[in-house]
Amino acid sequence: MSVFEYAPAPESRSIVDIAPSYGLFIDGEFVDGTGESFKTVNPATEEVLTEVSAGSEADVDRAVRAARRAFDKTWGPLRPADRGKYLFRIARLLQERAREFAVLESLDNGKPIRESRDVDVPLAAAHFFYYAGWADKLDHVGLGTKPRPLGVAGQVIPWNFPLLMLAWKVAPALAAGNTVVLKPAETTPLTALLFAEICRQADLPAGVVNIVTGAGDTGRAVVEHGDVDKVAFTGSTDVGRQIARAVAGTRKKLTLELGGKAANIVFDDAPIDQAVEGIVQGIFFNQGHVCCAGSRLLVQESIHDEVIAGLQRRIGTLRVGDPLDKNTDIGAINSAEQLARIRELSDIGEAEGAQRWQPACDLPDRGFWYPPTVFTDVSPAHRIARDEIFGPVLSVLTFRTPDEAVAKANNSTYGLSAGIWSEKGSRILRIADQLRAGVVWANTFNKFDPTSPFGGYKQSGYGREGGRHGLAAYLEGADQ
Amino acid sequence: MIGNDRLAVRKTYKLYVNGAFPRSESGRTYEVTDAKGHFLANAARASRKDARDAVVAARAAFPKWSGATAYNRGQVLYRVAEVMEGRHVQFCEEVAAGEGLSSSKARAAVDAAIDRWVWYAGWTDKLAAVLGGANPVAGPYFDFSTPEPTGVVAVLAPQQSSLLGLVSVLAPVLATGNTAVVVTSKDRPLPAVTLAEVLATSDVPGGVANLLTGDAEELGTWLAEHADVDGIDLTGAPPKRAMEFEREAAGTIKRVVRPPATEPDWTADPGLTRMTPFLETKTVWHPMGV
Amino acid sequence: MTHVLDPDALSDDARALSVPLPPYRDVTRSDSAFRAFLHGLPGVDQVGAEARVAQLGTRSIKTTSKAWAIDTAISMVDLTTLEGADTPGKVRSLAAKALRPDPTDPTCPRVAAVCVYGDLAGVAREALGNSGVHVAAVATAFPSGRASRAVKLADVRDAVQNGADEIDMVIDRGAFLAGRYLEVYEEIVAVKEACGDAHLKVILETGELVTLDNVRRASWIAMLAGGDFIKTSTGKVSPAATLPVALVMLEAVRDFRAATGRQVGFKPAGGIRTTKDAVKHLVLINETVGPDWLDPDWFRFGASSLLNDLLLQRQKLRTGHYSGPDYVSVD
């Protein structure tokens, strides 16, 4: 009997209409930028999707002025309940155009349509829906009565969850009464530009949301602009450091969501099949382009072989390929640059003595691809156990006792997330208490929700996104 | 200066590190005068290495202090207030001399400082309820958030308010379960050393609070750059160096409390503002199934 | 309890058989040893299992793979009637459909078996002859299993004698839930012996076991006792064959083969009514245990109405337009 092959099941891309070029979204209008244009490509094919303006310092200034005007004249004075209603509108519009956003996200980012459709876009809409409800309840956030918005928020977001990170930034900022200038990542500007269209469909007052595309220089201009009151950044720890330096000595409030090197700890009494699944979700979700990815597997020595065998079997069923195919589990690496970094660190892992394992899988000829990879015999001193790889590469370490597990898990300059797998409730709570990480997933991994605060300890950043904690980053109150 | 016909036994003012009272490893001291410029004492002038030792002590003390029950921490902080009360006169004299206050104003400052410990003692076991809680996620999971201490916090204490200001920046750091390395007011360090003696005798474990007399301008850099310091309160930083310290703190993504433009009114209700900067929010998810 | 028939029916042969395959020879040496073994199996996190099947449920099976899946599913159907009102006529008409599910299309594959009560196994056998379509009979006081062991064994022997070459037994859920695992095990061993050459499918009735941990333990009892198939449900209790249950049982047969070398089949039964349901199960097999189980020898659907939906979908793929209930036979 033949094997059960899945015929290609591509999501149609005809639903998206990509213009040949895009300007900047400033003061409610698409305008030409004064900087150079740059191309954005589909990382799965290297096909050029469109040209996008790189916002210059002057463009950023124009956007900040528009945001300031909107803060002073329209958005600031608006009834809080009406602010909420605009956000509800945006949430609904995102739901209505969900498929379009999902396809565009997969085209521009390379992530599988299953994830953009089932995770990124629904969660983005959920974030707007959640924060919409807060807009007229700010007295109850926990910052004392009548907390004040900060003013103009400059927001710089990464390429791994372009629309979702936009939602995490824009929704709480607007709910709290701020206006925003947002810079999407250089390689993934398209869903932010489509979001600009949503703002227009929602009749959001001009200048409340401004989107300035570009690369590092544009981001720097946003962060360093003198009339920005708040900076929110998600991205690498290196850039986070530069931003923290740049805002030093200013009045700007800062929140940072940076890198991670999460330990995913599997005890010998774990529900093994679900743990294997959780390890896979932990490191291969979104090609491992996840700051909270469970990139360090800490497995109890007594079940190491069993877990690795199960993991390899399971990884063998992962389907790598066309991001638009509904059956694809692992899509394309977002850029050539990122692919080079993944390759470099993997090669270092091998050179340092770790054992590399990859399943047999055919990778497309064009585009940026890296197969799911597991390194065993990894020591805590290896770079692949310390550096954030931000790719589908898992480093496996072992431990013998709970104390050792905690010590190894915490042996990192990062502290964003962690996982615990055990059937013993008492142990889970104790280990969760001891881990120095902002999000601890016990018997699950990589779960997100707008009501649930997310953010790191140590060099994974500060401030939280999600929940009422996420609003505090955009408000000033007696209690803050 | 106490008796009339008896020659007083003067106190040697030393550092407070890891529960002990060492001199500065550098052997340095500096002259402390009262508000009118009269000699009061030679205080130890903490060095870079003293700051380093204090950070080591604070790190070592962190697991136990942060792991203590909130009830226990509250009792310890309340005990500090109790023991301070017994040294009320001494604190009043030192504050009056150092800050040049009338005895009634000095007494008010000492009263407020003691009451501040009581206030923070009462906070330890309320924070989790006020700042944390269950999150109603859309799925079969129980999800809760709790505040947790950041870790080792360096505090550049206010330069003007030598006791009330000091307590106002130190107590919140301890109440939240952090451990502290404090650089005290440079010119008015004596109440801090007496406070150290109070801490040493009031159940605060050694290393939890480390008080360094000396110059924040000199020590601030080392603490701001120190990779094992998780947060820094720049309240007492010299204005011309504060931005530089903040930049240095960015190197390891420290939590930073920026200095106010001018020293605030320390008698005002502080709210949560001095606790939240040095608290992390930890969110834990667990499935709900049978 | 006293029984009219000999309550201790386990023969010496069966006792010999009752020793499980290595490396599990010693796990049934005592009640406590067996309990320790079963409770030492890794736990199942229900939410995680449900999330896994939900994700697999998003697989999009189109065009050629859908055609393959439909034909494969038809060939895996145990076409079932288990009603008090069953008659020889009803069984004969079911047998005719089993042999030629789609009268308009001779390329349509046959089903795997016809599944009936034991007293009608003879009618089914006569109608199916040596066609290769198996005769499956439910036995052991199906569906409740509440009878003495002797009655259950007599039920099995009767069905086999009537021509059944597959026996679908029910486990003693009462004994299982009371923690008398060895008793459950020994009964399966005895039934297996009574089956002779007939294949034994062991119905766990997972809807009564409730937790996935119990499903995993019961699966292992049935496999250790020599069951050829493990089967979810009688179809008389709801919920029946859910996807999380199927996932756990498939993990059990996968792990059992890895440890002992013996492959055990899997049959979800009850509640699988649509092609979409069937395809989800095939995807689950494909990605949990692999293609070795994508074969009627190792996988069956226990179903009555499923076949007609498979046929309607098959016609749609063949003709390009939607079909209707008048184009498939009423059973």
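Side chains included, hydrogens not; waters and symmetry mates left out as well; all remaining heavy atoms used. Below, chain A is the first sequence line, B the second, and so on; all start at residue 1.
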Query raised in the report: Highest number of heavy-atom pairs under 4.5 Å with chain B: which of A:Phe445, A:Trp441, A:Phe448, A:Tyr457?
Result: A:Tyr457
Report summary line: chain A shares the most heavy-atom pairs under 4.5 Å, among B:Pro136, B:Gly231, B:Ala242, with B:Pro136
Query raised in the report: Between B:Trp285 and B:Tyr141, how do the two ring planes meet: parallel, tilted or perpendicular, split at 30° and 60°?
Result: perpendicular
Query - Side chains of B:Tyr78 and B:Trp117 in contact at under 4.5 Å (non-hydrogen atoms) - result: no
Requested in this report: Could you look at B:Thr150 and say if it's the side chain, the backbone, both or neither that has a heavy atom under 4.5 Å from chain A?
Outcome: backbone
Report task. Would you tell me whether A:Lys230 and A:Thr255 have side-chain atoms, one donor and one acceptor, within less than 3.5 Å of each other? Result -> yes
Query raised in the report: What residue in B:Met275, B:Arg255, B:His286 has the most heavy-atom pairs under 4.5 Å with chain A?
Result: B:Arg255
Query raised in the report: Should the ring pair A:Tyr130 and A:Trp134 be called parallel, tilted or perpendicular, given that the plane angle runs from 0 to 90° and is split at 30 and 60?
Result: perpendicular
Requested in this report: Could you tell me whether the side chains of A:Trp421 and A:Asn264 share a donor-acceptor contact shorter than 3.5 Å?
Outcome: yes
Query - Residue, of B:Thr252, B:Val256, B:Asp269, that accumulates the most heavy atom pairs under 4.5 Å with chain A - result: B:Thr252
Query raised in the report: Are B:Val167 and B:Tyr120 side-chain neighbours, meaning at least one heavy-atom pair lies under 4.5 Å?
Result: no
Query raised in the report: Of all of A:Leu256, A:Leu254, A:Thr250, which one pairs up most often with chain B through heavy atoms under 4.5 Å apart?
Result: A:Thr250
**Report entry** Choice from A:Ala442, A:Gly456, A:Ala244 maximising heavy atom contacts with chain B below 4.5 Å
**Finding:** A:Ala442
**Report entry** Interface moiety of A:Ile243 toward chain B, non-hydrogen atoms closer than 4.5 Å
**Finding:** neither
Query raised in the report: Of the backbone (N, CA, C, O) and the side chain (C-beta and beyond), which part of A:Gln242 lies under 4.5 Å from a heavy atom of chain B, both, or neither?
Result: neither
Query raised in the report: Among B:Arg247, B:Glu148, B:Lys282, which residue forms the greatest number of heavy-atom pairs with chain A at distances under 4.5 Å?
Result: B:Lys282
Query - B:Arg59/B:Asp230 ion pair, N-O < 4.0 Å - result: yes
**Report entry** Partner chain B: residue of A:Gly249, A:Gly466, A:Ser452 with the largest heavy-atom pair count (under 4.5 Å)
**Finding:** A:Ser452
Query raised in the report: So which of B:Met243, B:Glu246, B:Arg274, B:Lys254 has the largest heavy-atom pair count under 4.5 angstrom toward chain A?
Result: B:Glu246
Requested in this report: Under 4.5 Å heavy-atom distance to chain B, tell me which part of A:Arg464 shows up: side chain, backbone, both or neither.
Outcome: side chain
**Report entry** Contact class of A:Ala437 relative to chain B, heavy atoms under 4.5 angstrom
**Finding:** backbone
**Report entry** pair B:Arg241-B:Thr221: side-chain heavy atoms closer than 4.5 Å
**Finding:** yes
Query raised in the report: Under 4.0 Å between a Lys/Arg side-chain N and an Asp/Glu carboxylate O for A:Arg436 and B:Glu280?
Result: no
Requested in this report: Identify which of A:Asp238, A:Leu258, A:Leu429, A:Val247 forms the greatest number of heavy-atom pairs closer than 4.5 Å to chain B.
Outcome: A:Val247
Query raised in the report: When heavy-atom pairs shorter than 4.5 Å are enumerated against chain B, which of A:Gly467, A:Gly240, A:Gly461 gives the highest number?
Result: A:Gly461
Query raised in the report: So which of B:Val137, B:Val284, B:Val130 has the biggest tally of heavy-atom pairs under 4.5 Å with chain A?
Result: B:Val137
Query raised in the report: Cut-off 3.5 Å, side chains only: do A:Thr401 and A:Asp403 have a donor facing an acceptor?
Result: no
Query - Ion pair A:Lys447/B:Asp143, N-O distance below 4.0 Å - result: no
Report task. Counting only heavy atoms closer than 4.5 Å, note whether A:Ser460 contacts chain B via side chain, backbone, both or neither. Result -> neither
